[in-house]
Amino acid sequence: QVQLVESGGGLVQAGGSLRLSCAASGRTFSTYAMGWFRQAPGKEREFVAAITWTGSSTDYADSVKGRFTISRDNAKNTVYLQMNSLKPEDTAVYCCAAGNPYSAVVYGYGVAYWGKGTLVTVSS
């Protein structure tokens, strides 16, 4: 069993930065691929970024490529999402996810555990 708790969301002006954290409980954290997803008001949930359990490979949605960076620290059971050059269209609830295999997490159907999310609001 893995429990995921996100933090770091808030209100930021366009062009600003935020760093989201996702703290995981459970000794098996390091065996899971991890991902970040987001859901804006009135829209479906969408993939943002994912990272393999070793941290050796990452994937990003085209909309965030070059601006967001996903990373993980298995010793701290934590995955991060560094978000730079934020835009108003990045406003959403951001959730972290854990699952396997990695490719299935990227597409959303391999997620075994979801966090409740943290709200990011980007003002123009």
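Sequence positions, counted from 1, serve as the residue numbers for this chain.
Closest of all the heavy-atom pairs between Val105 and Asn100 is CG2-N, 3.8 Å.
Following chains of ILVMFWY side-chain contacts shorter than 4.5 Å, one can reach Val79 starting from Val64, so the two form part of one hydrophobic cluster. Both Ile51 and Val48 belong to a common hydrophobic cluster when Ile, Leu, Val, Met, Phe, Trp and Tyr are linked at side-chain heavy-atom distances under 4.5 angstrom. Residues Trp36 and Val122 are members of one and the same hydrophobic cluster, defined by side-chain heavy-atom contacts under 4.5 angstrom among Ile, Leu, Val, Met, Phe, Trp and Tyr. Residues Val120 and Phe47 do not share a hydrophobic cluster, defined by chaining ILVMFWY side chains whose heavy atoms lie under 4.5 Å apart. Under the 4.5 Å side-chain contact rule for hydrophobic residues, Phe29 and Tyr113 share a cluster.
Remark: Arg67 is not positioned above the aromatic ring of Tyr60, lacking an NZ or CZ atom under 6.0 angstrom from the ring centre and at most 45 degrees off the axis.
Using a cut-off of 4.0 Å between Lys/Arg side-chain N and Asp/Glu carboxylate O, Glu46 and Arg38 are scored as salt-bridged. The residues Asp90 and Lys87 are annotated as not salt-bridged, no charged nitrogen and carboxylate oxygen being separated by less than 4.0 angstrom.
Using a 3.5 Å distance cut-off with no hydrogens or angles, the side chains of Asp73 and Tyr80 do not pair a donor with an acceptor.
Atom CD of Gln3 is separated from atom CG of Asn77 by 12.5 Å, given to the nearest 0.5 angstrom.
Contact check for Leu20 versus Glu6: no side-chain heavy atoms found under the 4.5 Å cut-off. Residues Trp114 and Leu4 fail the side-chain proximity criterion, which asks for heavy atoms closer than 4.5 Å.
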> What do the steps show when you test Trp53 against Tyr32 for side chain to side chain contact (heavy atoms under 4.5 Å, CB included), and what is the final call?
Replying inline: CA-CA 5 Å; Trp53 70 273; Tyr32 286 97; 5.8 Å; no
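The backbone N or O of Thr54 sits nowhere less than 3.5 Å from a side-chain atom of Ser56 that would complete a donor-acceptor pair.
Between Tyr94 and Phe68, the two ring planes are tilted [angle within 30° to 60°].
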